[in-house]
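For the numbers below, each heavy atom of this structure counts, side chains included, while hydrogens, waters and symmetry mates do not. It should be emphasised that the depicted structure is a prediction, and the values quoted were computed from it without experimental measurement.
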Amino acid sequence: MIDEVDVLAGQKRALTEGEERLWSGYLRATGLLSDRLDRYTAKTAGMPHVHYRLLIRLSEDAGQRMRMIDLAAAAKISRSRLTHAIVRLESKGWVVREECPGDGRQLFATLTDEGRALLAKTGPGYAALLRAYVFDGLTAEQQRSLGVLADIIAERLQTQGSADDLPWRR
């Protein structure tokens, strides 16, 4: 388990030139991609990209509904951020919240017909943007490598440190 305070206190050396170049490139790429996707979802769906991804995640579930805590974990966001997003999505008619049978403390977020229609309308353009900006510029091997690397980093972030550090636990 990584204790971030101990790591920072014990760190004496700066990033190498190669590490800094890699990190800067990663931040440039993810920042630009996030901006493009945010602008697309704002223009076509009237919502930020993080809200749009919640609708996509709900659409991928067999019942097109998830417990709020599970949706927060899947989206890697805090429960309060999820609640705010779901309230906004609910006000537009794209999601409804429902009580979990047998557990009145839990709520489900459920994709509505209107939410499915919105995804059907905007999904092809969203996929085209991802292909144009990410996948078409990479070989099949580079795509596999990117997936492996992303999984490694996500796994380290989820397993190193306190479980309370995970956004959906806050």
Give a yes or no on this: more than 12 heavy atoms of other residues, nucleotides or ligands lie within 6.0 Å of atom CD of E60.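 Check passes, neighbour count above 12.
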
Give a yes or no on this: more than 12 heavy atoms of other residues, nucleotides or ligands lie within 6.0 Å of atom CD of E17.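 Counting other residues, nucleotides and ligands, CD of E17 stays at 12 neighbours or fewer.
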
Would a hydrophobic clustering, with Ile, Leu, Val, Met, Phe, Trp and Tyr connected at side-chain separations under 4.5 Å, put [X] with [Y]?
X: M68; Y: L55; answer: yes
X: W94; Y: I56; answer: yes
X: Y133; Y: L130; answer: yes
X: W23; Y: L32; answer: no

Can you tell me if D38 uses its side chain to pair, donor with acceptor, with the backbone of P48 under 3.5 Å?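 No.
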
Go through M47 and R88 one step at a time and tell me if the side-chain contact (heavy atoms from CB on, under 4.5 Å) criterion holds. CA-CA 9 Å; M47 71 183 80; R88 290 190 58 198; 5.9 Å; no

Shortest non-hydrogen contact between [X] and [Y], atoms and distance:
X: A120; Y: P124; result: O-CD, 3.3 Å
X: F108; Y: P101; result: CE1-CD, 3.6 Å
X: L58; Y: M66; result: CD2-N, 3.8 Å
X: L71; Y: A109; result: CD2-CB, 4.0 Å

Going by side chain to side chain donor-acceptor pair (under 3.5 Å), name the pairs with one or both residues in residues 110-123, residues two or more places apart or in two chains.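 Only Y52-T122, Q64-R116, E98-T110, T112-E114, D113-R116 qualify under side chain to side chain donor-acceptor pair (under 3.5 Å).
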
Taking side chain to side chain contact (heavy atoms under 4.5 Å, CB included) as the test, write out the residues that go with S34, two or more places apart.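 S34 satisfies side chain to side chain contact (heavy atoms under 4.5 Å, CB included) with no residue once adjacent residues are dropped.
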
Any non-hydrogen side-chain atom of T41 less than 4.5 Å from a side-chain atom of H51?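 T41 does not reach H51 side chain to side chain.
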
For residues V50 and R81, determine if any side-chain heavy atom of one lies less than 4.5 Å from a side-chain heavy atom of the other.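 Yes, side chains in contact.
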
Rounded distance (nearest 0.5 Å) linking atom [atom1] of [X] with atom [atom2] of [Y]:
X: R53; Y: K76; atom1: CZ; atom2: NZ; value: 12.0 Å
X: L33; Y: R28; atom1: CG; atom2: CZ; value: 13.5 Å
X: D70; Y: Q106; atom1: CG; atom2: CD; value: 7.5 Å

Hey, mind stepping through I86 and L107 against side-chain contact (heavy atoms from CB on, under 4.5 Å) and telling me if it holds? CA-CA 11 Å; I86 293 297; L107 291 175; over 6 Å; no

Determine all donor-acceptor pairs shorter than 3.5 Å in which one atom belongs to a side chain in residues 144-154; sequence neighbours excluded.
residue, atom, partner, partner atom, Å
R144, NE, E141, OE1, 3.4
R144, NH2, E141, OE1, 3.0
S145, OG, E141, O, 3.1

Charged N to carboxylate O under 4.0 angstrom, R65 versus D61?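 D61 and R65: not salt-bridged.
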
Yes or no on side-chain contact (heavy atoms from CB on, under 4.5 Å) for L111 and L119, after CA distance, side-chain angles and deciding distance? CA-CA 10 Å; L111 189 64; L119 289 175; 4.2 Å; yes

Mutual orientation of the aromatic rings belonging to Y126 and Y40 [parallel < 30°, tilted 30-60°, perpendicular > 60°]: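 Aromatic pair Y126/Y40 classed tilted.
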
